[in-house]
Amino acid sequence: FPKSFQRGLSLFLYNKKTRPIMSAFKYQNRRGLADFFCQELCRYQLSQLRDLGADAVIPVPIHKNKYKKRGYNQAELLSRRIALIFNLSHYPDMLIRSVDTLPQKQFTPQARLNNLKKAFRFNSRYDNLVQTNSSLSVLLVDDIYTSGATMEACTRILLSAGIPNVFVLSICIGMARD
């Protein structure tokens, strides 16, 4: 499927070397790894991140059931730090995960996109912000980018809400296994 975001950046390849650290970050309460990832982002992607010219940072949201179980959203840990580092606005609730979908890793790329079609919605609390900032650029942050279905679903919602520029950032990028 075609990509709707302007540009994407990633730090590491998602493979057998990075899988354990990403799993620890996501499922084993290793929240401190967000600091390490942001240090590495600044070491290797600083100028590219600046060049995007984003005005705000938003995380890919997780459903409240997952949040209750895990206690945190790993994408939000990253997005909050990135917003601080670059002195950008942070809107952790601009996107809402309204459907608790099954884990994406079990689907083909097209099935992933279909699985997510109605999973996210735009928080109407931000309608006024978007209407008064017609050139708003946001950096959408997630931990792992495989097929791109999650980032694509979120990007499409942001675009349809009136945000003209969406860039994506993930810690790892992997190959979709289809």
Side-chain angles (χ1 to χ4, degrees), residues 1-10 25-27 29 31-35 37-38 41-42 45 49-104 112-171:
F1 50 86
K3 305 294 184 254
S4 303
F5 51 84
Q6 264 74 17
R7 186 161 170 225
L9 294 171
S10 277
F25 179 49
K26 196 168 183 168
Y27 303 114
N29 203 19
R31 300 178 203 203
L33 286 167
D35 291 322
F37 293 136
C38 287
L41 277 168
C42 288
Q45 301 279 9
L49 279 165
R50 273 208 189 102
D51 290 348
L52 296 177
D55 304 303
V57 187
I58 56 175
V60 167
I62 62 172
H63 193 270
K64 61 181 183 276
N65 296 346
K66 276 195 185 85
Y67 193 94
K68 271 186 205 137
K69 191 175 158 197
R70 198 180 292 163
Y72 62 101
N73 173 359
Q74 70 283 358
E76 188 181 333
L77 296 178
L78 296 164
S79 64
R80 189 171 300 283
R81 283 165 175 79
I82 291 162
L84 276 171
I85 291 164
F86 292 95
N87 194 27
L88 300 171
S89 300
H90 185 240
Y91 304 123
D93 62 343
M94 186 178 270
L95 286 172
I96 295 164
R97 186 88 175 226
S98 44
V99 179
D100 195 1
T101 53
L102 293 163
Q104 288 288 91
R112 287 175 185 220
L113 195 57
N114 293 338
N115 185 41
L116 293 171
K117 272 224 164 80
K118 294 177 176 65
F120 304 99
R121 67 178 174 80
F122 187 79
N123 186 341
S124 58
R125 218 182 76 176
Y126 292 95
D127 286 346
N128 195 40
L129 173 84
V130 173
Q131 285 159 8
T132 55
N133 293 283
S134 61
S135 63
L136 192 65
S137 294
V138 298
L139 179 64
L140 179 63
V141 177
D142 205 0
D143 54 349
I144 303 168
Y145 180 110
T146 40
S147 72
T150 302
M151 295 288 212
E152 184 59 25
C154 290
T155 297
R156 289 179 185 181
I157 286 164
L158 293 167
L159 293 172
S160 66
I163 295 172
N165 302 302
V166 180
F167 304 101
V168 301
L169 171 68
S170 63
I171 298 306

Under 3.5 Å, is there a donor-acceptor pair between the side chain of [X] and the main chain of [Y]?
{"X": "Ser170", "Y": "Asp143", "result": "no"}
{"X": "Arg80", "Y": "His90", "result": "no"}
{"X": "Asn123", "Y": "Asp93", "result": "yes"}

Provide the closest heavy-atom pair for [X] versus [Y] in the form atom of the first, atom of the second, distance.
{"X": "Pro61", "Y": "Arg97", "result": "O-NH1, 3.4 Å"}
{"X": "Ala153", "Y": "Leu113", "result": "N-CD1, 4.3 Å"}
{"X": "Pro59", "Y": "Pro92", "result": "CD-CA, 3.6 Å"}
{"X": "Val141", "Y": "Met151", "result": "C-CE, 4.3 Å"}
{"X": "Ser135", "Y": "Asp55", "result": "O-OD2, 3.7 Å"}
{"X": "Cys154", "Y": "Leu140", "result": "CB-CD2, 3.5 Å"}

Query raised in the report: Tyr145 vs Phe5 aromatic rings, parallel, tilted or perpendicular, using cut-offs 30° and 60°?
Result: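 Plane angle over 60°, so perpendicular.
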Rounded to the nearest 0.5 Å, what separation is found between the [atom1] atom of [X] and the [atom2] atom of [Y]?
{"X": "Phe37", "Y": "Gln74", "atom1": "CZ", "atom2": "CD", "value": "10.0 Å"}
{"X": "Leu78", "Y": "Ile171", "atom1": "CG", "atom2": "CD1", "value": "4.5 Å"}
{"X": "His63", "Y": "Lys69", "atom1": "NE2", "atom2": "NZ", "value": "13.5 Å"}
{"X": "Ile62", "Y": "Ile96", "atom1": "CD1", "atom2": "CD1", "value": "13.5 Å"}
{"X": "Lys118", "Y": "Ile157", "atom1": "NZ", "atom2": "CD1", "value": "10.5 Å"}
{"X": "Arg31", "Y": "Leu77", "atom1": "CZ", "atom2": "CG", "value": "6.5 Å"}

For the residue pair [X] and [Y], establish whether any side-chain heavy-atom pair is separated by less than 4.5 Å.
{"X": "Val57", "Y": "Phe86", "answer": "no"}
{"X": "Tyr91", "Y": "Val138", "answer": "no"}
{"X": "Leu169", "Y": "Leu41", "answer": "yes"}
{"X": "Leu49", "Y": "Ile85", "answer": "no"}
{"X": "Leu139", "Y": "Leu88", "answer": "no"}
{"X": "Leu158", "Y": "Met94", "answer": "yes"}
{"X": "Val168", "Y": "Lys3", "answer": "no"}

Report task. Would you please say whether a donor-acceptor pair under 3.5 Å links the side chains of Asn29 and Tyr72? Result ->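 Checked: Asn29/Tyr72 side chains show no N/O donor-acceptor pair below 3.5 Å.
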Requested in this report: Name all residues meeting the ring-ring contact (aromatic ring centres under 6.0 Å, His included) criterion together with Phe122; count only those two or more places apart in sequence or in a different chain, and write none if there are none.
Outcome: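 For Phe122 there are no ring-ring contact (aromatic ring centres under 6.0 Å, His included) partners, ignoring immediate neighbours.
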Report task. Check side chain to side chain donor-acceptor pair (under 3.5 Å) between Asp35 and all other residues, then give those that pass, not counting sequence neighbours. Result ->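 Testing Asp35 for side chain to side chain donor-acceptor pair (under 3.5 Å), a comparison that skips the adjacent residues, returns Arg81.
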